[in-house]
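Labels below follow one simple rule: chain letters A, B, ... track the order of the sequence lines, proteins then strands, and each chain is numbered from 1.
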2 protein chains.
Amino acid sequence: MAAPRANMSYRDIKQVVLDRIHNKIWAPDSLLPSETDLAEEFSSTRTTVNRALRELAEEGYLERKRKAGTRVLNSPVRKAQFAIPLVRDEITENGSEYRYALVERTVLPAPAWLCARMDIPQGLDVLHLRCMHYAGSAPFQYEVRWIVPDSVPDVLEADFSCSGPNDWLVQKVPFTNLELSFLATKADQSVAEFLGAQAGDPIFTAERITWLRGQPVTLAKLFFAPGYRMTANL
Amino acid sequence: MAAPRANMSYRDIKQVVLDRIHNKIWAPDSLLPSETDLAEEFSSTRTTVNRALRELAEEGYLERKRKAGTRVLNSPVRKAQFAIPLVRDEITENGSEYRYALVERTVLPAPAWLCARMDIPQGLDVLHLRCMHYAGSAPFQYEVRWIVPDSVPDVLEADFSCSGPNDWLVQKVPFTNLELSFLATKADQSVAEFLGAQAGDPIFTAERITWLRGQPVTLAKLFFAPGYRMTANL
DNA sequence: AAGCCCCTTATGTCTATATATATAGGCATT
DNA sequence: AATGCCTATATATATAGACATAAGGGGCTT
């Protein structure tokens, strides 16, 4: 077994612990030695061991409870982290040129489904935008957005003809809560045309609602061009 | 402004820093004071401030670089954490009864696309499974799975008629790396029938590849019943 | 102007130690 | 058997001080 040398960093300790879990030296559901004991074994300190175990717990390998001790979870890694970049970044980091176009801008009373979804009063005027994001000349994402002007000062005066609402909102309005969903939708005629797809094609779709201290701010439906994948590694 | 009292915990400090970012006291792209200075302001220690800032950086609010200092990110690249539970848990936690059925089990030479995708030698025999997961009487998920027997001892003797390969693999084979993708696919005749959908319907699909120390272990395609959403809150 | 070296500085990490807090499990009481 | 209290213990967090390491920037050289 990996003989614990002296001067192990918290990273080393993490690795050793992970190895032992993988090799079932510490089986699922079993209890690890206490931090104090591990610190002694690794000739390290409790602080360092603590950091290692804390991070492994955050990563979903361990479960820790005061007094109860540290336990190996039986089904590890139940969390996948997806970075959710701005479209702009996603495109430019891919080496393509980012291009944006405003398709439509209207102010209208919120439709009933939107009121229900975002919990806003019936008939409130909202800003509705449709826009396209291109990677080079290829369509990348079709964005349908609703913004509650009451929560966003000056949004009705903002100019969205040259840059997208996302860029603007990120600059001007912080948010405190976010709900993000992924789903598959069927391209209707309009979406299909914008994305260069066939009507009826499956479209990977993200739906994003943000709030600022309980106030609903904006809902965005993001339709990705055919072939899009959202990938995470861990 | 919130007058920094003494004895602030790293949580308190995180909150104060977050507030200042939201209130643009520390604007996007601007540099924060050094840990040493903040420690003094909060009458705390550098260690405590360090933990607060480190966690905020992990959460995507700050960017930290040695010598360069700590900077407010202009677009908080918030990371969405998705729980990826075992199907079984996802269904039972929803209050439904979990039911499983094996549809097909074969051993065959790996098709070319699989060899390419998983980086395994041409013509290697692999175990191929198709199974269904039901929530009560409703179809929930159709699973198409490929397992590399070379990496998984005894898998050819395992009985998958009563419980799914996922349950079995979790128990027997740890993994060190995982790639998880979400995408939208079009239901073919077979998938549609299993999921109670129409051929051509958009299907939310997850693709999952796992490795054990560089060795490819298994690839699973998970087709979810129509209407499925993967949701994260933060 | 471009390249190189060195110094300074901010973060990264470790050690050693102390206090706080939740709680499992035992013991006593109802 | 159920309830309530106590205590030992494992984790959670804070403090103080040290050394490690990356990297920005100035100044020198070519």
Side-chain angles (χ1 to χ4, degrees), chain A residues 2-18 20-21 25-73 76, chain B residues 2-18 20-21 25-74 76-77:
Chain A
R5 29 174 257 279
N7 287 336
M8 293 179 77
S9 75
Y10 79 97
R11 285 165 197 279
D12 299 331
I13 295 180
K14 277 179 77 170
Q15 196 51 60
V16 172
V17 172
L18 259 188
R20 292 192 183 171
I21 293 174
I25 294 177
W26 290 327
D29 279 331
S30 68
L31 222 50
L32 265 63
S34 77
E35 293 185 346
T36 317
D37 292 351
L38 287 175
E40 189 180 355
E41 180 189 348
F42 297 137
S43 25
S44 174
T45 57
R46 208 170 76 77
T47 315
T48 302
V49 172
N50 178 279
R51 178 159 182 193
L53 296 187
R54 174 160 34 92
E55 291 194 359
L56 284 173
E58 257 163 35
E59 289 162 27
Y61 294 100
L62 301 174
E63 185 190 37
R64 320 193 72 205
K65 255 164 51 187
R66 276 171 160 137
K67 163 71 184 179
T70 301
R71 194 172 289 280
V72 181
L73 283 177
Chain B
R5 28 174 257 279
N7 287 334
M8 293 178 78
S9 75
Y10 79 98
R11 285 166 199 278
D12 298 331
I13 295 180
K14 277 178 77 170
Q15 196 51 60
V16 171
V17 172
L18 258 188
R20 290 191 184 172
I21 292 174
I25 293 176
W26 290 327
D29 278 331
S30 67
L31 223 50
L32 265 62
S34 77
E35 291 184 347
T36 318
D37 292 350
L38 287 175
E40 190 180 355
E41 180 191 344
F42 297 136
S43 22
S44 175
T45 56
R46 204 168 78 80
T47 315
T48 303
V49 172
N50 179 280
R51 177 158 181 195
L53 296 187
R54 174 160 35 93
E55 291 196 0
L56 285 172
E58 256 164 35
E59 289 164 25
Y61 294 100
L62 301 174
E63 186 190 36
R64 320 194 71 203
K65 258 165 47 189
R66 274 171 161 142
K67 161 71 185 177
T70 302
R71 195 173 288 280
V72 180
L73 284 177
N74 46 15
V77 180

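- A salt bridge is absent between B:E55 and A:R51: the closest approach of a Lys/Arg side-chain nitrogen to an acidic carboxylate oxygen does not fall below 4.0 angstrom.
- Taking the side chain of B:K67 as heavy atoms from C-beta on, and the options C:dT8, D:dA20, D:dT11, the nearest nucleotide is C:dT8.
- Across all strands shown, B:R71 has no heavy atoms under 4.0 Å from either base or sugar-phosphate atoms.
- In this structure, the CG atom of A:L56 is 15 Å from the C1' atom of D:dT11, given to the nearest Å.
- Taking atom CZ of residue B:R51 and atom P of nucleotide C:dT11, one finds them 18 Å apart after rounding to whole Å.
- Between B:R11 atom CZ and C:dA20 atom P the separation is 17 Å, expressed in whole Å.
- Taking atom CD of B:E63 as the reference point, atom C1' of C:dT11 lies 13 Å away to the nearest angstrom.
- Residues A:T47 and A:L53 both approach DNA chain D. Their nearest nucleotides, taken by heavy-atom distance, put A:L53 toward the 5′ side.
- Taking atom CD of A:E55 as the reference point, atom P of C:dG12 lies 12 Å away to the nearest angstrom.
- Between A:Y10 and the phosphate of C:dC14, there is no side-chain N or O to OP1/OP2 separation shorter than 4.0 Å.
- In this structure, of D:dA14, D:dA22, C:dT13, it is D:dA22 that holds the atom nearest to the side chain of B:R66.
- Residue side chain A:R54 does not reach the base of D:dT13 through any donor-acceptor N/O pair under 3.5 Å, judged by distance alone.
- If you take CD of B:E40 and C1' of C:dA10, they are 16 Å apart, rounded to a whole angstrom.
- For B:T48 and D:dT13, the shortest distance from a side-chain N or O to OP1 or OP2 is not below 4.0 Å.
- Of the charged side-chain nitrogens involved, none lies within less than 4.0 Å of a carboxylate oxygen, so that B:E58 and B:R54 do not count as a salt-bridged pair.
- Ionic pairing of A:R64 and A:E35 is present here: one or more N-O contacts between side-chain nitrogen and carboxylate oxygen are shorter than 4.0 angstrom.
- Of the candidates C:dA24, D:dG24, D:dT11, the closest approach to any side-chain atom of A:K65 belongs to C:dA24.
- Within 4.0 Å (heavy atoms only), A:S34 reaches sugar-phosphate atoms of the nucleic acid but no base atom.
- Contact of B:R64 with C:dT11 (side chain to base): no donor-acceptor pair of N or O atoms is detected under 3.5 Å.
- Nearest heavy atom pair, residue B:A52 against residue B:I13, reads CB-CG2, 3.7 Å.
- We find that CE of B:M8 is positioned 22 Å from P of D:dA12, with the value rounded to whole Å.
- With A:V72 as reference, A:I21 is the one residue of A:L31, A:I21, A:L56 to meet the side-chain contact (heavy atoms from CB on, under 4.5 Å) rule.
- Residue A:T70 places at least one side-chain N or O under 4.0 Å from the OP1 or OP2 atom of D:dT11.
- Closest contact between the side chain of A:R46 and the listed nucleotides D:dA22, D:dA16, D:dA12 involves D:dA12.
- Here the closest heavy-atom approach between residue A:T45 and residue A:A39 is recorded as C-CB, 3.6 Å.
- Following rounding to the nearest Å, B:N50 (CG) and D:dT13 (C1') show an atom-to-atom distance of 14 Å.
- Between A:T45 and A:A68, the residue whose closest nucleotide on DNA chain C is further toward the 5' end is A:T45.
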